[in-house]
Amino acid sequence: MKRLAATITTILTVLLMTGCFTGIESTPKITANDVKKERAVQTPEDRYLNDVTYRPLESWQPGKLFYVTDDKISLTLEPSATPAPKAGEYIAFSSYRPVTSLTGSIDTEIVFLKENGQEVVYKSGASPEELQQRKRVEIPFTIETSIVDATREALTGKTFYIKTPIWYNENGDARNGLKFIPVTIEEVTPGNVVYPVRLKFSVGSPYDDTAYIYMSVGDSSRSTRNFAALFSLTDPHLRYPAITEETWERIIHGKVAPYMTREECRLSLGAPSSIDRRAAISSLQELWMYENGVYLIFDDGLLQSFRR
């Protein structure tokens, strides 16, 4: 124990003096991009919502609904839209037509109807031909309800293993949650301007709870909050049979303890923002730094000291 205490003290002293490990024996610093860089292998989770896609403008039918996420939509509509639609209301696609802009170029007006039948117009800034070549035409501050409907049909009532501890309450405020536990999707509703779908889920015994999560769908293959990033179709613990039940419970709660391995710590806290390595006399020491100030110190791959 004296040797362990001396090792930790030495490492922390170097950190305070230099801010990172240095010396001829040190390996190059590994950045956050290096840590997160992984070989792209498509998984069943990646393919799970492949059928939920946005449709091009030419396939829109009159009556196609859009959910308004923010009152700021008034800034994007033609001034004739008075009063403009409000957050929480729906507008229905009616038609689109070419118009000549002030500069003489061809623009496209996309016409919608409010719930009271009033017409509102969005100018896209592109010609009809240009819009028809796009896989998706975005209307600012709205969500296509067809995306929400398709996600609802695919997920409601099904159970998955959640992979993120970032949960939300009914008011949209973030809260701490658990991960790698089974949750059942109870409700799918429109989300916000960034993440179009909000999922309400329940957690069974022994963690009885209910919470919400926001998710990208449609063209979200690169999103950090798509289905594959948030859920697993199978129990993640099955992929790590060597991890004990006691350690897995810590991982579920996002906790670490001395002598956990690097893989166990990564599962618990996620990938660090940077890793510094240094070869000592008889061991390899590592410092994992996280953006929130958390750090972990490993000796030969086992956690020796940490700050949460």
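For this chain, numbers begin at 1 and follow the sequence in order. Side chains are part of it too, since the values below use all heavy atoms of this structure and drop only hydrogens, waters and symmetry mates.
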Check against side-chain hydrogen bond (donor to acceptor under 3.5 Å, both in side chains), Asp149 and Ser146: CA-CA 5 Å; Asp149 294 341; Ser146 60; over 6 Å; no
Chi angles and distances behind the side chain to side chain contact (heavy atoms under 4.5 Å, CB included) call for Trp167, Leu178: CA-CA 8 Å; Trp167 298 3; Leu178 307 175; 4.3 Å; yes
Residues Thr210, Ser202; criterion side-chain hydrogen bond (donor to acceptor under 3.5 Å, both in side chains); working and verdict: CA-CA 4 Å; Thr210 300; Ser202 60; 5.7 Å; no
Stepwise side chain to side chain contact (heavy atoms under 4.5 Å, CB included) test for Ile185 and Phe231: CA-CA 11 Å; Ile185 309 301; Phe231 297 102; 4.2 Å; yes
Derivation of the side chain to side chain contact (heavy atoms under 4.5 Å, CB included) call for Arg225 and Thr164: CA-CA 9 Å; Arg225 292 190 72 80; Thr164 174; 4.2 Å; yes
Residues Ile73, Val120; criterion side chain to side chain contact (heavy atoms under 4.5 Å, CB included); working and verdict: CA-CA 11 Å; Ile73 191 174; Val120 294; over 6 Å; no
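For Glu187, there are no side-chain hydrogen bond (donor to acceptor under 3.5 Å, both in side chains) partners, not counting sequence neighbours. Partners of Asp71 by salt bridge (charged side-chain N to carboxylate O under 4.0 Å, His left out), not counting sequence neighbours: none found.
Between His253 and Tyr207, the ring-plane angle classifies as perpendicular under the 30° and 60° cut-offs.
Here the two rings, on Tyr48 and Phe160, have centers that are under 6.0 Å apart. A distance below 6.0 Å separates the ring centres of Tyr168 and Tyr214.
For the atom pair CD (Glu286) and CG (Asp300), the distance works out to 9.5 Å, reported to the nearest 0.5 Å. Taking CD1 of Ile181 as the reference point, atom CZ of Phe201 lies at 7.5 Å (rounded to 0.5 Å).
At a threshold of 4.0 Å, the pair Arg134-Glu130 does not count as salt-bridged, since none of the basic side-chain nitrogens sits closer than that to a carboxylate oxygen.
Pairing each heavy atom of Gly218 with each of Ile147, the nearest pair is CA-CD1, 4.5 Å. Residues Tyr161 and Phe180 approach most closely at CD2-O, 3.8 Å, considering heavy atoms. When all heavy atoms of Gly125 and Asp107 are compared, the pair lying nearest together is N-OD1, 2.8 Å. Of all non-hydrogen atoms in Ala84 and Ser74, the two that sit nearest each other are CB-CB, 3.5 Å.
In the displayed structure, Glu115 atom CD is contacted under 6.0 Å by more than 12 heavy atoms of other residues, nucleotides or ligands. Annotation for Asn292: atom CG counts as buried by contact number, over 12 foreign heavy atoms lying within 6.0 Å.
Using a 4.5 Å cut-off on side-chain heavy atoms (C-beta onward), Glu245 and His237 make contact. Considering only heavy atoms from C-beta on, Thr234 stays 4.5 Å or farther from Pro44 through its side chain.
A salt bridge (charged side-chain N to carboxylate O under 4.0 Å, His left out) check over residues 57-70, counting only residues at least two apart or in different chains, returns the pairs Lys64-Glu144.
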